[in-house]
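In what follows, a single structure is set out as structure tokens and then discussed.
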Amino acid sequence: MNILLIEDDPEVAAFIKKGLEEQQYHVTVVYDGLKGAAIAVEKDFDLLLLDIVLPNYSGLEVCKFVRISKKELPILMLTALGTVGDKVRGLENGADDYLTKPFHFEELLARINALSRRRTIVSGKVYKADDLVMDCDKGKVIRGGIEIPLTTKEFTLLEILIENKNKILSRSEIAAQVWGINFDRGTNLIDVYINYLRVKIDKNYSKKLIQTVIGRGYVLKD
């Protein structure tokens, strides 16, 4: 796996690079947000490890910029900013997962492996629920003949729901499958993203596919 690490602290960068290279990963290190954003777009990487507090260009700005052209590139944010609001901002700007410093190296490896598994898309995978069609190979979602644009995270969330259609998924199950994070009962992150998805998938249609099951979670009903 070819990994780009954008981290302004030389000691932290050296620690992560050494550990990952011992696991046979190839790691490119950049210490500046602006340079890192340019390299991320210009070259091919399998994963981006990104600090939030960076010189010249913040990690959030880097993430948002990279997402314009690299929609499928897994992005894992590494930062000491660990409030719920910080996590939501990171995910809303296109990050796939969020790891708070300090962390155990084994946890970083687990997150990287999880993101690598989720990136694999089975060619030709097409889901249907009522008049909703989701083509994972082409990255398209269509309802009633109209294509619906989704962000990377919304697309992943919908895929989990439609893959398990008619099955109730708890918030913790959704969090683990979509973000690879342990569910924090103090955050409404899952509810926020479900609402984003509802606005696009259900708002203009009489039949509502995404439903809340009070006390249990959410279900996409066919």
Side-chain angles (χ1 to χ4, degrees), residues 1-21 23 25-116 118-119 150-157 175 178-184 186-190 192-193 196:
M1 181 182 286
N2 192 19
I3 296 175
L4 174 61
L5 169 61
I6 307 178
E7 166 63 66
D8 67 327
D9 187 323
E11 291 186 2
V12 174
F15 166 74
I16 294 174
K17 178 178 172 66
K18 181 177 183 295
L20 290 177
E21 288 182 340
Q23 299 295 320
Y25 293 114
H26 180 270
V27 183
T28 300
V29 179
V30 181
Y31 303 99
D32 177 274
L34 189 59
K35 292 178 181 177
I39 292 174
V41 170
E42 291 170 2
K43 299 183 179 181
D44 291 327
F45 294 96
D46 300 303
L47 177 73
L48 172 57
L49 297 180
L50 178 63
D51 189 16
I52 284 188
V53 182
L54 295 167
N56 297 321
Y57 217 39
S58 75
L60 294 177
E61 291 173 312
V62 173
C63 190
K64 195 171 184 178
F65 177 77
V66 171
R67 271 289 172 250
I68 295 173
S69 57
K70 297 290 184 75
K71 298 186 184 303
E72 299 302 325
L73 176 65
I75 300 176
L76 172 57
M77 284 193 161
L78 310 174
T79 181
L81 304 176
T83 69
V84 172
D86 293 321
K87 293 180 180 181
V88 170
R89 280 189 290 275
L91 296 169
E92 285 182 339
N93 277 276
D96 294 288
D97 202 355
Y98 196 110
L99 187 57
T100 304
K101 299 176 183 176
F103 53 81
H104 292 289
F105 189 75
E106 291 77 8
E107 184 177 7
L108 174 61
L109 284 178
R111 300 292 183 93
I112 290 173
N113 290 333
L115 286 173
S116 178
R118 291 209 299 273
R119 192 185 186 195
L150 298 178
T151 65
T152 302
K153 193 55 58 185
E154 290 166 350
F155 191 92
T156 304
L157 176 56
V178 178
W179 285 280
I181 58 177
N182 293 322
F183 181 59
D184 180 355
T187 177
N188 65 342
L189 179 65
I190 309 302
V192 168
Y193 269 87
Y196 288 161

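Here I75 contributes atom CD1 and L50 contributes atom CG; the two are 7.0 Å apart, rounded to the nearest 0.5 Å. Between the OH atom in Y98 and the CG atom in L78 there is a gap of 9.5 Å [rounded to 0.5 Å]. Remark: S58 OG to D51 CG distance equals 10.0 Å, nearest 0.5 Å. One distance of note links OG1 of T28 with CG of L48; it measures 11.0 Å at 0.5 Å rounding. Remark: Y57 OH to I6 CD1 distance equals 11.0 Å, nearest 0.5 Å. Taken from CZ in F105 to CG in L20, the straight-line distance is 4.0 Å, to the nearest 0.5 Å.
Here the closest heavy-atom approach between residue M77 and residue C63 is recorded as CE-CB, 3.7 Å. Across V41 and K70, no two heavy atoms sit closer than the pair O-NZ, 3.5 Å. Residues P74 and L115 come closest through the heavy atom pair CB-CB, 4.1 Å. Between Y31 and P10, the shortest heavy-atom distance links the atoms CE2-CA, 4.0 Å. Taking all atoms of both residues into account, the shortest heavy-atom contact from V62 to G33 is CG2-O, 3.4 Å.
Residues in residues 52-66 take part in no salt bridge (Lys or Arg N to Asp or Glu O under 4.0 Å) pair, two or more places apart or across chains.
Of the possible polar contacts, none joining the K17 side chain to the V29 backbone as a donor-acceptor pair under 3.5 Å is found. Judged by distance alone, the side chain of N2 and the main-chain N or O of D44 form a donor-acceptor pair under 3.5 Å.
With sequence neighbours excluded, no residue forms a ring-ring contact (aromatic ring centres under 6.0 Å, His included) with F103.
Residues L49 and L99 form no side-chain contact, since every pair of their non-hydrogen atoms from C-beta on lies 4.5 Å or further apart. For the pair V30 and L4, the minimum side-chain heavy-atom distance is below 4.5 Å. For the pair Q23/I112, no side-chain contact is recorded, criterion being any heavy-atom separation below 4.5 Å from C-beta on.
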Worked verdict on Y25 versus L109 for side-chain contact (heavy atoms from CB on, under 4.5 Å):
CA-CA 11 Å; Y25 293 114; L109 284 178; 3.9 Å; yes
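Ionic pairing of R111 and D96 is not present here: no N-O contact between side-chain nitrogen and carboxylate oxygen is shorter than 4.0 angstrom.
Shown here is K101, whose NZ atom has more than 12 heavy atoms of other residues, nucleotides or ligands within 6.0 Å.
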